[in-house]
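This report concerns only the one structure given below.
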Amino acid sequence: MTFLVIENYPETGLGLFGRTAAEAGKDWTSVQAHLGEPLPRDVDGFTGLVVLGGAQDALADDAWPHLPLVCDLIRTFHAQDKPVLGICLGSQLIARAFGGGNILGRPVEFGWREVVPTEQGREDRVLKALGDGGPQFHWHSDTVTLPDGAVHLAKSAMTPLQAFRMGRATYAIQFHLEIGLEDARAWTRVFAKDIRRHTPDWDRRFETQARLHAARADSIGTALSSAWLALL
């Protein structure tokens with residue numbers, strides 16, 4: 001029961017999702033594609049695929065030549081009806097893989113923000129873990145348009161397309177369900193200079209925002225993670 005994880009950027013690991021998977025007894029193999037580690041050619045030994053986020057955009061093939069190969073892998077897992085989860089950049093690569101548009105350079109959506117399910121999301125076996133909605137951690141500026149045949153599952157005030165599904169079990173999730181409180185705290189430290197460019201007062205606001213939102217966000221993120229892992 002091993003799933004494949006593609007890491008697209010430094011310091012962007014599985015976080016809360018990985019802790020949830022470990023508690024559920026799930027095993028995974030990580031490929032640090034951003035460091036040039038080769039992606040597997042044979043997917044027969046994997047039960048599913050998780051594609052993580054990154055600061056690059058989904059069309060940045062010149063600087064990150066592995067991105068088209070990730071799209072190929074997404075289509076391969078999907079064609080074999082093996083569950084796929086794309087988070088942030090990963091969700092944008094799912095859109096690209098299936099012919100959706102990538103919209104670059106929008107205003108930054110950052111921090112804990114409310115995400116609510118669509119009517120179809122309320123009935124979806126993974127996204128129904130959102131309940132009536134709740135806070136999740138965000139850090140992105142790019143977004144996508146829906147590929148043909150996609151099911152729209154969630155939205156936020158700033159980004160209408162926060163989650164969609166292709167087929168039975170290919171899930172594209174823009175928000176960072178994998179970022180729990182300890183992960184948000186680590187990102188605040190590691191990416192401090194990057195964060196100050198768009199949210200200069202984040203250091204002062206972090207603890208207040210964490211007290212208001214982190215416990216609920218962690219609970220939702222764990223529930224979403226468990227629901228997707230149950231597909232494996």
Side-chain angles (χ1 to χ4, degrees), residues 1-22 26-80 82-105 108 137-144 166 170-180 182-184 186-195 197 225 228-229 232:
M1 295 293 292
T2 299
F3 61 91
L4 176 64
V5 177
I6 299 175
E7 298 185 21
N8 289 300
Y9 204 74
E11 305 292 343
T12 55
L14 280 178
L16 176 67
F17 183 94
R19 296 188 291 276
T20 305
K26 306 290 187 181
D27 295 321
W28 63 89
T29 297
S30 291
V31 175
Q32 296 188 66
H34 62 96
L35 294 179
E37 291 185 1
L39 299 175
R41 296 177 179 270
D42 183 0
V43 305
D44 290 345
F46 300 107
T47 57
L49 171 66
V50 176
V51 183
L52 294 173
Q56 65 269 60
D57 68 65
L59 304 178
D61 298 352
D62 289 344
W64 306 91
H66 72 283
L67 295 180
L69 304 179
V70 175
C71 291
D72 291 341
L73 270 181
I74 288 167
R75 287 187 290 262
T76 297
F77 275 85
H78 179 82
Q80 295 186 14
K82 294 180 176 181
V84 177
L85 173 63
I87 300 174
C88 198
L89 172 63
S91 72
Q92 297 159 15
L93 290 170
I94 289 176
R96 174 182 172 179
F98 292 103
N102 291 101
I103 303 171
L104 310 183
V108 175
F137 202 84
H138 301 253
W139 192 359
H140 74 106
S141 57
D142 300 343
T143 187
V144 301
M166 298 295 298
T170 295
Y171 283 85
I173 296 181
Q174 179 61 62
F175 57 88
H176 284 282
L177 65 99
E178 87 285 14
I179 297 301
E182 65 182 85
D183 311 297
W187 275 14
T188 296
R189 182 183 69 254
V190 172
F191 298 119
K193 290 183 180 179
D194 298 314
I195 293 170
R197 292 190 184 102
S225 300
W228 186 86
L229 288 162
L232 295 174

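For this chain, numbers begin at 1 and follow the sequence in order.
Residues Glu182 and Arg19 are in side-chain contact: their nearest non-hydrogen atoms beyond the backbone lie under 4.5 Å apart. Residues Glu178 and Leu14 are not in side-chain contact: their nearest non-hydrogen atoms beyond the backbone lie 4.5 Å or more apart. Inter-residue side-chain proximity for Trp139 and Ile195 is flagged as met; some heavy-atom pair is nearer than 4.5 Å. When side chains are defined from C-beta on, Trp187 counts as touching His176, because their heavy atoms get closer than 4.5 Å. Here the side chains of Leu73 and Val70 are not in contact, with every heavy-atom distance at 4.5 Å or above.
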side-chain contact (heavy atoms from CB on, under 4.5 Å) between Phe98 and Ile74, worked out: CA-CA 9 Å; Phe98 292 103; Ile74 288 167; 3.8 Å; yes
Going through the checks in order, is the side-chain contact (heavy atoms from CB on, under 4.5 Å) test met by Val5 and Thr29? CA-CA 6 Å; Val5 177; Thr29 297; over 6 Å; no
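Here CD1 of Ile173 is found 8.5 Å from OG of Ser91. Values are rounded to the nearest 0.5 Å. To the nearest 0.5 Å, atom OG1 of residue Thr188 and atom CG of residue Asp194 are 11.5 Å apart. To the nearest 0.5 Å, atoms NE2 (His34) and OH (Tyr9) are separated by 10.0 Å. Here the straight-line distance linking atom OG1 of Thr12 with atom CG of Asp183 works out to 11.0 Å at 0.5 Å rounding. The CG atom of Asp57 lies 8.0 Å from the CD atom of Gln92; values are rounded to the nearest 0.5 Å.
A donor-acceptor pair under 3.5 Å links the side-chain atoms of Trp228 to the main chain of Val84, judged by distance alone. At least one donor-acceptor pair closer than 3.5 Å links the side chain of Asp142 to the backbone N or O of Gly105. Under the 3.5 Å distance criterion, the side-chain polar atoms of Arg96 are left unmatched by any main-chain donor or acceptor of Gly101. Between the side chain of Thr20 and the backbone N or O of Leu16, at least one donor-acceptor pair lies under 3.5 Å. Glu37 places a side-chain N or O within donor-acceptor distance of the main-chain N or O of Gln32, the cut-off being under 3.5 Å.
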Pairs under 3.5 angstrom only: tabulate donor-acceptor contacts from the side chains of residues 40-56 to other protein residues two or more places apart or in another chain.
unit_1 : atom_1 : unit_2 : atom_2 : d
Asp42  : OD1    : Asp44  : N      : 2.9
Thr47  : OG1    : Thr2   : O      : 3.3
Gln56  : NE2    : Asn8   : O      : 3.0

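Between His66 and Ala33, the closest heavy-atom pair is CD2-CB, 3.4 Å. The heavy-atom pair separating Asn102 from Ala58 by the smallest distance is ND2-CB, 3.5 Å. Between Trp28 and Gly18, the closest heavy-atom pair is CH2-O, 3.4 Å.
A perpendicular orientation is assigned to the rings of Phe17 and Phe3, their planes being inclined by more than 60° (bins at 30° and 60°).
You'll find the ring centres of Phe175 and His140 outside the 6.0 Å limit.
For Glu11, the side chain to side chain contact (heavy atoms under 4.5 Å, CB included) test picks out Val190, Phe191, with sequence neighbours left out. Scored by the side chain to side chain donor-acceptor pair (under 3.5 Å) test, Gln80 finds Lys82 as partners (sequence neighbours excluded).
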